[in-house]
Amino acid sequence: MSTQQASADAIVDVRYRMRHSAAHVMAEAVIKLFPEAQIAIGPPTDDGFYYDFEVSRPFTPEDLKKIEKLMRETIKADRPFSGVSIDRDAALERFSEQKFKVELITDLPDDEEITVWSHQSWEDLCAGRHADSTGKIGAFKLLSVAGAYWRGDENREMLQRIYGTAWESQEELDAYLERIEEAERRDHRRLGRELDLFFFDPIAPASPFFLPKGTIVLNELVDYVKQLYVKYGYQEVTTPQIFNTDLWKQSGHYDNYLENMYMMDVDDREFGVKPMNCPAHAVLYAANTHSYRELPIRYADFGRLHRYERSGVTHGLMRVRTFSQDDAHIFATLDQIAQEVNSFIAMLDEAYAVLGFEKIRMALSLRPEKRVGTEEMWDRAEAALTEVMESTGREYGAEEGEGAFYGPKIDFFVPDALGREWQLGTVQLDFSLPERFDLQYAAEDGSLQRPVVIHRAMLGSLERFLGVLIEHTAGALPIWLSPVQATLIPIADRHIPFGEEVVQKLRAAGVRAEVDTGSDRMGAKIRAAQVQKIPYMLVVGDREQEAGKVAVRERSGGDLGAMDVDEFVTRVAEEINTRA
RNA sequence: GCCAACGUAGCUCAGGGGUAGAGCAGCUGUUUCGUAAACAGCAGGUCACAGGUUCAAAUCCUGUCGUUGGCUCCA
């Protein structure tokens, strides 16, 4: 282990202990104020801590202030932490008034050591790792109250969770709070409005309306994906939006996904709006006979999907009720799985590199308890995916039991501005769909064989992808995705005709450009363009007009000086075409 | 779906039982300006929706819808 790594781990450990200790001190304060409170658990988190309580009424902001005050007293008193091991009966006795602790103790395995950690004025059932004393807790702040189910089970008690954050020093705490504020400035919902990309209206809850500018971005993304599809051998198809429920019964969605579907009765028959493309692609495949020579067949579909999501789970563009994906289904032989997944990951890497996504987490999800298919199929499929993952030479997590019931999968996660992870890409093997739709191909020996289906999406939901992209770039999208790529800023009205000429040249070269003809001063026009994150601002005044040039300013603030109009047109068109 | 908070002009927000406010954006006029905000005027709201209390409700109460932060879910 490197020295650098060791010191990073040390910081993580110090923070873990400090935050874990802060949780204890907070519980002590809550019990002082609410003696009847039932306490649940209070662990440290990535940047803070929380503790769950069952109380007669929800906490108010005033309560948080009082709790903070009591916590400061305990921290100031600098009470030492110590842990002791006790036996089960003693533990049950000691926490007999605390039903959640009793439940925890009862559920601990027989050979598990039971410890109690105390900082003198308070003690808690706890596995430990604490600061030496309460004085080591540093700068902290209570952030919010939220409901949380006991043991994460929606059928159990709803508890009140208090979230807090704690850092070694006030400076660190301030820096953390500043990071949160910066993340809020990057919030895609806020930028989506400011940049005129999209908005939401209660008339269609959790369903975005894309304005012309937002639609340009989506279309550019799709155009790019289609370009990759040519290179990687995909065929685009177009399928219906609404299907008779016979399809959903055959695919299994009627039994397993009905609560997420929009259903309707027409002509005394029941129809469902598609939440996924796969059944339609199975119908497409089954419409013809297929030879092994044709495989793999890759059907791509940008069709719009609708999924009813429970109220309370939707979030801006990240989780919506209607969206489209760069979805495709690959019909292949078992032997082709590895190469197909490999090829998909190569394409995904290519796209993510172009889009500037670096922090990707990959997770391999393996067979769940409830599943279809034979053990041999699962063995082969998991082996194929594992082999592919290993061959990438990159880190990935293998998660037992997290696979879909129809096959194992690899998911690709990218964080948003606040560090919350969203699944974008996915590649999933499916043994169920080919069975349900009796899909076949003629093998080399003339026998009829069952293909495997690979579900895969690279960007995933285009809406979610755009949301993450906006947060990553703080709205300064790469030039090829920018709705307006260059804006002409005439210094006085007499320069507008020249500006229009330049814009015509830019547009002829495929550049999205416009003239700011308003009566604002140049400074205000520049500011407006900066706020809109337009990549290039082209100032034209007497000097430029006379010389047939434009004064080029980049949104980064860089001044490239005066350039010949043709030179700039060539340069910017090149930049756009290469997706630089 | 659950817990909580919030919903006032296009946006960001103030007001909090007695005739609806600001900034920005918009429109009009003046200004024609050299790299992040010229000046003036005008217009803009069933205070989410529906009930209730009251002489009087944006304000208090109830419900509904929506949004936000969590939880659960995420084939």
Side-chain angles (χ1 to χ4, degrees), chain A residues 45 50 52 54-55 57-61 143-163 180 184 187 189-190 193-194 196 199-206 248 251-253 255-261 275-279 305 307-316 318-319 368 402-407 409 411 418 420 422-423 426 428 430 432-433 455 461 464 489-496 517-532 537-544 551-555 557-562:
Chain A
T45 62
Y50 66 82
D52 290 344
E54 187 177 57
V55 278
R57 63 164 176 84
F59 295 115
T60 64
L143 300 173
S144 60
V145 183
Y149 297 108
W150 168 235
R151 296 200 148 175
D153 182 343
E154 65 178 321
N155 298 311
R156 300 291 306 264
E157 294 91 333
M158 171 62 70
L159 308 175
Q160 297 296 316
R161 173 174 296 178
I162 302 179
Y163 281 98
I180 304 248
E184 278 163 12
D187 190 311
R189 292 165 300 190
R190 173 183 172 143
R193 260 198 310 270
E194 288 175 0
D196 289 323
F199 65 91
F200 290 87
D201 188 289
I203 204 68
W248 307 116
S251 69
H253 287 82
D255 291 328
N256 296 300
Y257 204 64
L258 193 61
E259 74 237 27
N260 284 292
M261 289 180 63
M276 298 176 201
N277 289 312
C278 28
L305 308 177
R307 297 182 186 174
Y308 173 75
E309 299 282 0
R310 294 162 97 185
S311 68
V313 307
T314 59
H315 177 90
M318 305 299 201
R319 186 109 174 245
E402 289 299 306
F405 76 89
Y406 49 73
K409 60 176 182 168
D411 291 324
L418 277 171
R420 295 177 291 210
W422 297 94
Q423 181 203 303
T426 186
Q428 317 183 344
D430 189 344
S432 171
L433 192 74
H455 307 248
S461 150
R464 175 181 290 180
I489 299 180
I491 284 181
D493 285 354
R494 63 179 177 279
H495 307 120
I496 290 178
T517 56
S519 66
D520 282 330
R521 296 192 319 191
M522 181 199 64
K525 291 181 180 179
I526 286 176
R527 178 181 152 76
Q530 287 286 156
V531 169
Q532 287 297 307
M537 285 150 264
L538 309 176
V539 176
V540 291
D542 290 336
R543 294 201 296 268
E544 288 75 19
V552 183
R553 176 190 163 104
E554 297 174 300
R555 65 184 161 193
D559 185 353
L560 301 185

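Quick note on labels: first sequence line is chain A, next is B, and so on, each numbered from 1. The structure displayed is predicted, hence computed values, not measured ones. Side-chain atoms are counted along with the backbone in the values below, which use heavy atoms only and exclude waters and symmetry mates.
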Sorted by chain and number, sequence neighbours left out, side chain to side chain contact (heavy atoms under 4.5 Å, CB included) with A:R521 holds for none
Could you tell me the separation between the CD atom of A:Q423 and the CE atom of A:M318, rounded to the nearest 0.5 Å?
-> 13.5 Å
Just how far, in rounded Å, is C1' of B:C3 from CD of A:E54?
-> 12 Å
Taking the nucleotide of RNA chain B with the closest heavy atom to each, which residue, A:Q160 or A:Y406, is nearer the 5' end?
-> A:Q160
Between A:D153 (CG) and B:C71 (C1'), how many Å, whole number?
-> 11 Å
Would one find a side-chain N or O of A:R420 under 4.0 angstrom from OP1 or OP2 of B:G70?
-> yes
Hey, does A:F59 reach any base, or is it just sugar-phosphate, or nothing, if we go heavy atoms under 4.0 Å?
-> nothing
Starting at the 5' end of RNA chain B, which residue's closest nucleotide do you reach first, A:R307 or A:P205?
-> A:P205
Whole-Å distance between B:A25 P and A:R190 CZ?
-> 16 Å
Separation of B:G1 P from A:N260 CG (nearest whole Å) = 12 Å
Rounded distance in Å - CG (A:N155) to C1' (B:C73) = 12 Å
So, is A:Y308 near the phosphate of B:C74, with a side-chain N or O under 4.0 Å from OP1 or OP2?
-> no
Does the B:U72 base have a donor-acceptor partner in the side chain of A:R310 within less than 3.5 Å?
-> yes
Any N or O donor-acceptor pair linking the side chain of A:Y149 to the base of B:G1 at under 3.5 Å?
-> yes
Using the C1' atoms only, state how far B:A36 lies from B:C24, rounded to an integer number of Å.
-> 15 Å
Is the backbone of A:E309 close enough, under 3.5 Å, to the side chain of A:E259 for a donor and an acceptor to pair up by distance?
-> no
Do the non-hydrogen side-chain atoms of A:M276 and A:R307 ever get within less than 4.5 Å of each other?
-> yes
What does A:A206 touch in the nucleic acid at a heavy-atom separation under 4.0 angstrom: a base, only the sugar-phosphate, or nothing?
-> sugar-phosphate
Specify the separation, in whole Å, of atom CE of A:M158 and atom P of B:C71.
-> 11 Å
Tell me: CD of A:E154 to C1' of B:C74, nearest whole Å?
-> 12 Å
Hey, is A:R189 close enough to A:D187 for a salt bridge, meaning N to O under 4.0 Å?
-> yes
Between B:U31 and B:A56 - C1' atom distance, rounded Å | 49 Å
Heavy-atom pair of closest approach, residues A:R555 and A:Q530 | O-NE2, 3.0 Å
Would you mind reporting whether A:L538 and A:V552 have side-chain heavy atoms less than 4.5 Å apart?
-> yes
What pairs with A:A492 under side chain to side chain contact (heavy atoms under 4.5 Å, CB included), at least two apart in sequence or on another chain?
-> A:R494, A:H495
With sugar-phosphate meaning primed atoms plus P, OP1 and OP2, does A:G407 contact a base, only sugar-phosphate, or nothing at under 4.0 Å between heavy atoms?
-> nothing
Would you indicate, yes or no, if B:G69 has its OP1 or OP2 atom less than 4.0 angstrom from a side-chain nitrogen or oxygen of A:H315?
-> yes
Think A:R193 has a side-chain N or O under 4.0 angstrom from the OP1 or OP2 of B:U12?
-> yes
So what does A:E194 hit on the nucleic acid, given a heavy-atom distance under 4.0 Å: a base, only sugar-phosphate, or nothing?
-> nothing
Select one nucleotide: of B:A4, B:G66, B:G1, the one nearest the side-chain heavy atoms of A:P202.
-> B:G66
When you check every protein heavy atom under 4.0 Å of nucleotides 27-43 of chain B, what one-letter string (B, S, -) results, 5' to 3'?
-> ---BBBBBBBBB-----
Can you find a donor-acceptor N/O pair under 3.5 angstrom joining the side chain of A:R156 to the base of B:C71?
-> no
note: A:Y163, atom OH; B:A5, atom P; distance rounded to Å ~ 17 Å
